[in-house]
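These notes concern the structure reproduced below.
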Protein chains: 2
Amino acid sequence: MRERAVVDLAEKLSQIDEHWSPKIVAQVGDVQVKLARIQGTFDWHSHATEDELFMVVEGRMKLEFRDREVWLEQGQLYVVPSGVEHRPVAADEAQIMLIEPAGTRNTGDRVTGRTVEAEWL
Amino acid sequence: MRERAVVDLAEKLSQIDEHWSPKIVAQVGDVQVKLARIQGTFDWHSHATEDELFMVVEGRMKLEFRDREVWLEQGQLYVVPSGVEHRPVAADEAQIMLIEPAGTRNTGDRVTGRTVEAEWL
């Protein structure tokens with residue numbers, strides 16, 4: 001368990017120096033809050049059992065689904081239900097918050113070259 | 001289960017017309033995201049089994065503990081561990097996000113005149 005400290009989103013995000021590599025900044029029960037910087041188009045994936053909440057802290061992003069897309073602007077959030085295939089896209093860099101069960105893999109049920117194990121920041 | 005829709009934090013917060021009455025806007029597994037407007041000093045309480053994350057969306061707030069206090073500015077978050085007595089304070093109105101297990105009572109393990117059951121917004 002981490003020492004409890006105030007987490008400043010902008011300050012934490014400024015410490016992240018790679019895209020698509022979420023860092024854990026808080027935990028509530030079994031759910032973790034992660035921060036990430038993203039740019040470009042991620043891989044299609046789904047999470048068999050985990051819901052995944054995306055919130056835009058800075059910039060904008062798009063969540064692509066097989067049959068539609070959802071745009072998220074700063075200060076907006078969306079929950080991708082478990083089992084639903086999706087891929088995040090950001091033409092320009094976006095800074096985002098994720099809320100998802102601890103152990104949720106960034107590439108979902110597949111292990112790819114972009115799979116990373118989230119670490120605490 | 002609610003229909004999945006984009007949640008705009010500012011727009012949702014503008015629909016809340018009373019203080020200290022958190023509204024649910026999203027759920028991830030067993031954890032809910034709530035929004036609240038707060039002003040003044042709330043009651044001392046603790047939650048036996050639930051961690052509670054406070055994040056300031058607009059304004060600033062203070063979390064008082066029996067032995068210390070924690071200030072939170074806009075864009076900052078803090079997790080109050082289960083079992084720790086606390087009370088939120090906001091001299092001027094603040095708009096906040098809470099992340100906590102579904103069913104977490106705003107007044108913790110006590111029922112008081114300020115107890116409200118959170119509803120979806």
Side-chain angles (χ1 to χ4, degrees), chain A residues 1-14 24-35 47 49-58 60-63 65 68-84 86 95 97-104 120, chain B residues 1-14 24-35 47-58 60-63 65 68-84 86 95 97-104:
Chain A
M1 187 59 69
R2 288 290 158 136
E3 187 188 352
R4 307 285 176 163
V6 173
V7 172
D8 186 287
L9 300 184
E11 190 264 326
K12 288 288 190 190
L13 281 158
S14 75
I24 307 161
V25 296
Q27 181 150 353
V28 177
D30 295 331
V31 162
Q32 291 179 331
V33 178
K34 300 175 184 175
L35 297 176
H47 310 271
T49 59
E50 301 103 339
D51 298 334
E52 186 170 48
L53 183 150
F54 290 82
M55 189 181 102
V56 175
V57 178
E58 188 75 41
R60 64 198 306 245
M61 70 174 292
K62 182 171 58 164
L63 282 167
F65 300 94
R68 67 203 171 91
E69 58 186 38
V70 170
W71 280 95
L72 294 179
E73 308 287 337
Q74 190 175 323
Q76 294 185 331
L77 63 84
Y78 188 84
V79 180
V80 178
S82 61
V84 175
H86 61 284
Q95 301 183 9
M97 174 188 287
L98 298 161
I99 304 175
E100 58 193 15
T104 301
W120 280 82
Chain B
M1 188 59 66
R2 289 290 160 135
E3 188 188 353
R4 309 283 176 163
V6 173
V7 172
D8 185 288
L9 299 184
E11 190 265 326
K12 288 287 189 189
L13 281 158
S14 74
I24 307 161
V25 296
Q27 182 150 351
V28 178
D30 294 333
V31 162
Q32 290 179 330
V33 177
K34 300 175 184 174
L35 297 176
H47 310 271
T49 58
E50 300 103 340
D51 299 333
E52 187 171 45
L53 182 151
F54 291 82
M55 190 182 101
V56 175
V57 177
E58 188 75 39
R60 63 198 306 245
M61 70 173 293
K62 182 171 55 166
L63 282 166
F65 300 94
R68 68 205 169 91
E69 58 186 39
V70 170
W71 280 94
L72 293 179
E73 310 289 336
Q74 189 175 323
Q76 295 185 331
L77 62 83
Y78 188 85
V79 179
V80 179
S82 60
V84 174
H86 61 282
Q95 302 184 9
M97 173 188 287
L98 298 161
I99 304 174
E100 57 193 15
T104 301

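Small disclaimer: the values here were computed from a predicted structure and weren't measured. Letters go in sequence order (proteins before strands), and every chain restarts at 1.
- Without hydrogens or angle criteria, B/Asp8 side chain to A/Gln76 main chain gives no donor-acceptor distance under 3.5 Å.
- Interatomic distance, CE of B/Met97 versus CE of A/Met55, reported as 4.5 Å (0.5 Å rounding).
- The nearest pair of heavy atoms linking B/Asp51 to A/Val28 is O-CG1, 3.7 Å.
- Most heavy-atom pairs under 4.5 Å with chain B, from the set A/Pro81, A/Ala26, A/Pro101: that is A/Pro81.
- With a 4.5 angstrom heavy-atom cutoff, A/Val6 touches chain B via backbone and side-chain atoms both.
- Looking at A/Ile99, the atoms closer than 4.5 Å to chain B (heavy atoms on both sides) sit in the backbone and in the side chain alike.
- Neither the backbone nor the side chain of A/Val57 comes within contact range of chain B; no heavy atoms are under 4.5 Å apart.
- When the salt bridge (Lys or Arg N to Asp or Glu O under 4.0 Å) test is applied to B/Glu73, the partners found at least two apart in sequence or on another chain are B/Arg60.
- Listed options A/Leu9, A/Val80, A/Leu77 were ranked by heavy-atom pairs under 4.5 angstrom with chain B; first place goes to A/Leu77.
- Judged as a side chain to side chain contact (heavy atoms under 4.5 Å, CB included), and not counting sequence neighbours, the contacts of A/Gln32 are A/Ile24, A/Gln27, A/Lys34, A/Ala102, A/Trp120.
- Heavy-atom distances place the side chain of B/Val70, and not its backbone, under 4.5 Å from chain A.
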